[in-house]
Colleague: 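Quick one: the structure is below, and I'll ask about it shortly.
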Amino acid sequence: MEDYLKLSILLPIFPLGMTVLIFILLRSFTRTINRLTKPVSILFLISTLMTTLSSLYLFLNHVEGDIPLSKILSIFKTVNIEIHLNELTEKIIIYLGLISSSIILYSVAKLPRQSGYVLYMVSIGFITSLLISGILLLGVNL
């Protein structure tokens with residue numbers, strides 16, 4: 001169970017990693033990345049679905065517990081920050097992932113792909129990652 005609990009650190013990292021990657025590419029190759037709106041949308045959709053499916057996997061295996069980040073990441077050795085994973089946080093992350101995926105799919109289908117669309121997708125990925133991190137760090141309890 002300890003190994004599954006360590007998997008919970010990846011939940012906010014999937015969308016955050018994609019956000020950082022696309023933002024760096026956007027800053028470096030603005031014209032090119034702004035033209036690649038569908039691949040960018042698909043990459044964000046995949047990262048959000050990976051988070052949702054990982055949380056669903058943890059939920060179905062009844063993985064619960066608290067894990068200090070100092071055990072996983074060496075940069076948090078002096079700070080006592082814990083990830084709290086329980087049934088409610090897993091459900092919230094699953095619903096948040098589904099909502100975020102729905103927003104991305106709606107955006108691909110309905111929004112015009114003009115300048116600013118990729119930055120909009122980056123914002124969605126960043127907000128999703130921030131919310132997931134907050135949920136895990138606050139540890140909602142019943």
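If you read the sequence from its start, that first residue is 1, and numbering goes on from there.
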Colleague: Out of curiosity, Ser8 OG to Ile93 CD1, how far, rounded to the nearest 0.5 Å?
Modeller: 8.5 Å
Colleague: If I take atom CD1 from residue Ile103 and atom CD1 from residue Ile127, how far apart are they, to the nearest 0.5 angstrom?
Modeller: 9.0 Å
Colleague: Which heavy atom of Phe59 sits nearest to which heavy atom of Glu90, and what is that distance?
Modeller: CA-OE1, 3.1 Å
Colleague: Measuring from Leu53:CG to Leu60:CG, what's the distance to the nearest 0.5 Å?
Modeller: 10.5 Å
Colleague: Look at the side-chain heavy atoms of Ile, Leu, Val, Met, Phe, Trp and Tyr, link any pair under 4.5 Å apart, and say whether Leu130 and Phe14 land in one connected group.
Modeller: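 No, it is not one cluster - the side chains of Leu130 and Phe14 are not joined through contacts under 4.5 Å.
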Colleague: I need the His84 NE2 to Leu138 CG distance, nearest 0.5 Å.
Modeller: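 Here the interatomic distance stands at 8.0 Å.
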Colleague: Under a single-linkage definition using a 4.5 Å side-chain heavy-atom cutoff for Ile, Leu, Val, Met, Phe, Trp and Tyr, are Leu119 and Ile22 assigned to the same hydrophobic cluster?
Modeller: yes
Colleague: How about OH on Tyr120, more than 12 heavy atoms from neighbouring residues, nucleotides or ligands closer than 6.0 Å, or not?
Modeller: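 More than 12 within 6.0 Å, yes.
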Colleague: If the test is side chain to side chain contact (heavy atoms under 4.5 Å, CB included), which one of Thr37, Leu111, Leu45, Ile104 qualifies with Met121?
Modeller: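 Per the side chain to side chain contact (heavy atoms under 4.5 Å, CB included) rule, the option paired with Met121 is Ile104, out of Thr37, Leu111, Leu45, Ile104.
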Colleague: Nearest 0.5 Å, what's the CG-CG distance between Leu21 and Leu43?
Modeller: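 Leu21 atom CG to Leu43 atom CG measures 7.5 Å (nearest 0.5 Å).
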Colleague: Return yes if a side-chain donor-acceptor contact under 3.5 Å exists between Ser101 and Thr48, otherwise no.
Modeller: no
Colleague: Taking the side chain as every heavy atom from C-beta outward, state whether Phe44 and Thr19 have any atom pair closer than 4.5 Å.
Modeller: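 When only atoms from C-beta onward are counted, Thr19 and Phe44 do touch, with a gap below 4.5 Å.
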Colleague: Starting from the C-alpha separation in whole Å, work towards a yes-or-no answer on side-chain hydrogen bond (donor to acceptor under 3.5 Å, both in side chains) for Ser41 and Tyr117.
Modeller: CA-CA 9 Å; Ser41 301; Tyr117 180 83; 3.0 Å; yes
Colleague: Hydrophobic clustering (ILVMFWY, side-chain heavy atoms < 4.5 Å, transitive) - are Met18 and Leu25 grouped together?
Modeller: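 Cluster IDs for Leu25 and Met18 match.
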Colleague: Which heavy atom of Leu11 sits nearest a heavy atom of Thr51, and at what distance?
Modeller: O-OG1, 3.0 Å
Colleague: Out of curiosity, Leu56 CG to Lys91 NZ, how far, rounded to the nearest 0.5 Å?
Modeller: 12.0 Å
Colleague: So which heavy atom on Thr52 is nearest to which on Leu98, and how close?
Modeller: OG1-N, 4.0 Å
Colleague: For the residue pair Gly125 and Pro15, what are the closest heavy atoms and their distance?
Modeller: O-CB, 3.9 Å
Colleague: Consider only side-chain heavy atoms of I, L, V, M, F, W and Y, link residues closer than 4.5 Å, and tell whether Ile92 and Leu136 are in one cluster.
Modeller: yes
Colleague: Looking at Leu85 and Asp66, what are the two nearest heavy atoms and their distance?
Modeller: N-OD1, 4.2 Å
Colleague: Given the rule that I, L, V, M, F, W and Y join up when any side-chain heavy atoms are under 4.5 Å apart, are Leu26 and Val40 in one cluster?
Modeller: yes
Colleague: Specify the closest pair of heavy atoms between Asn86 and Glu64, including all atoms of both residues, with the distance to one decimal.
Modeller: CA-CG, 3.7 Å
Colleague: Does the side chain of Ser100 reach to within under 4.5 Å of the side chain of Ile124, using non-hydrogen atoms?
Modeller: yes
